[in-house]
Amino acid sequence: EARDLYATLHADTPNQRSAEAARNRYSLAQLEVELGRYGPAKALLSELIPRLIELWGQGDTYTIYARVWHAVALHHLGDHAASDQVMAQARQSALASGEPDVRHVAQLIFGRHLLRRGEVTRAEPLLRESLRHFQGAGAPYRATAARALGLLGECQLRRGDVSGALSTLGQALAEQHAVYGQRHADMWPVLVLQAIALDLHKGVE
């Protein structure tokens, strides 16, 4: 419903070159990524990013996050080289902007991409650094810190540290319960990883 609403808003905006139209298009592209519609998202963001740069510059939050979403879409489409290139641009712009929260959101997503490609050695230091940042950023980022904990637990599991993974995943799940209550979509990857770790742990015993 949200996607349809943003599509309608974009279509009904009189001036398609306006800042309002760009913001609507950004929201639509973000939803396309979140819905797993990576092809349409890539097409939208490829056209949108030059316009965002024209409107607000390389260091604006809209531009940086649009690049992050573009990198996510490219990653899921299997174009890892292009994804890394776009993510590097986003991280460089975020670093230059002096916005640490934005920088670490981009870094967390980049670390997740590396992890899912099996590049644990590269991913883990990035995830640990961003975890420390979000743990110190207070209540607004508690859910993001819990997500980072889950990814760190996945790193530990992938490199064979089953006991460490169980501890980290338990912490992540406890944090998610505190933030979300008993049920939330963010919990299922942690629960699956925890089940795998428990199974491996029993095998070791």
Side-chain angles (χ1 to χ4, degrees), residues 30 33-34 38 41-42 45 49 58-176 179 185-194 196-197:
Q30 179 183 346
V33 175
E34 291 178 334
Y38 303 117
K42 174 188 172 183
L45 289 161
I49 289 169
Q58 299 274 2
D60 183 77
T61 303
Y62 271 108
T63 305
I64 295 168
Y65 278 137
R67 280 193 163 128
V68 170
W69 289 116
H70 191 198
V72 172
L74 289 166
H75 170 80
H76 285 284
L77 290 168
D79 194 346
H80 295 156
S83 175
D84 287 356
Q85 182 179 9
V86 173
M87 186 64 81
Q89 292 173 327
R91 292 174 67 202
Q92 184 178 9
S93 295
L95 189 61
S97 76
E99 293 282 350
D101 295 339
V102 178
R103 174 201 157 197
H104 281 286
V105 167
Q107 182 164 296
L108 189 65
I109 293 171
F110 181 53
R112 184 185 69 192
H113 287 179
L114 292 173
L115 176 60
R116 297 291 157 76
R117 279 156 32 194
E119 298 183 50
V120 179
T121 304
R122 290 181 65 197
E124 188 165 349
L126 299 176
L127 295 172
R128 285 188 181 277
E129 183 186 6
S130 292
L131 171 61
R132 287 193 295 272
H133 171 78
F134 289 121
Q135 285 179 326
Y141 287 98
R142 194 172 180 185
T144 308
R147 198 172 298 125
L149 266 174
L151 291 169
L152 178 58
E154 184 177 343
C155 277
Q156 292 170 307
L157 190 59
R158 282 177 180 264
R159 59 177 170 77
D161 181 7
V162 178
S163 296
L166 279 171
S167 176
T168 302
L169 293 167
Q171 293 174 48
L173 195 59
E175 280 295 295
Q176 289 176 329
V179 173
D186 270 6
M187 293 179 185
W188 77 259
V190 179
L191 287 166
V192 170
L193 290 167
Q194 192 178 53
I196 293 168

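In the model, H113 has no side-chain atom that pairs as donor or acceptor with a side-chain atom of D84 under 3.5 Å. Donor-acceptor pairing under 3.5 Å is recorded for the side chains of S130 and H104. For the 3.5 Å distance criterion, the side chains of Q156 and T168 qualify, holding a donor opposite an acceptor. Judged by distance alone, the side chains of R67 and Q58 do bring a donor and an acceptor atom under 3.5 Å apart.
Inter-residue side-chain proximity for E34 and W69 is flagged as met; some heavy-atom pair is nearer than 4.5 Å. Residues V105 and Y65 meet the side-chain proximity criterion, which asks for heavy atoms closer than 4.5 Å. The side-chain heavy atoms of L115 and C155, taken from C-beta on, include a pair separated by under 4.5 Å. Two residues are said to be in side-chain contact when any heavy atoms from C-beta on lie closer than 4.5 Å; P125 and E129 fail this criterion.
Atom-to-atom distance recorded for F134:CZ and Q107:CD is 9.0 Å, nearest 0.5 angstrom. For the atom pair CE (M87) and CG (L74), the distance works out to 9.5 Å, reported to the nearest 0.5 Å. The CG atom of L131 lies 11.0 Å from the NE2 atom of H133; values are rounded to the nearest 0.5 Å. The CG atom of D186 lies 13.0 Å from the CD atom of E175; values are rounded to the nearest 0.5 Å.
Smallest separation of non-hydrogen atoms from L157 and I196: CD2-CG2, 4.0 Å. When all heavy atoms of G111 and A123 are compared, the closest pair comes out as O-CB, 3.4 Å. Here the closest non-hydrogen pair linking I64 and G59 is CD1-O, 3.5 Å.
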* R128/L151 under side chain to side chain contact (heavy atoms under 4.5 Å, CB included): CA gap, chis, key distance, verdict -> CA-CA 9 Å; R128 285 188 181 277; L151 291 169; over 6 Å; no
* **Derivation and outcome, salt bridge (charged side-chain N to carboxylate O under 4.0 Å, His left out), residues E119 and R158** => CA-CA 10 Å; E119 298 183 50; R158 282 177 180 264; over 6 Å; no
* To do: Begin from the C-alpha positions of V72 and R112 and carry the test side chain to side chain contact (heavy atoms under 4.5 Å, CB included) through to its verdict.
  => CA-CA 10 Å; V72 172; R112 184 185 69 192; 4.2 Å; yes
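Distance alone, capped at 3.5 Å, places no donor-acceptor pair between the E124 side chain and the L152 backbone. No donor-acceptor pair closer than 3.5 Å links the side chain of E99 to the backbone N or O of A94. S83 contributes no side-chain N or O that, together with a main-chain N or O of D79, makes up a donor-acceptor pair within less than 3.5 Å.
Atom CD of Q135 is surrounded by more than 12 heavy atoms from other residues, nucleotides or ligands within 6.0 Å.
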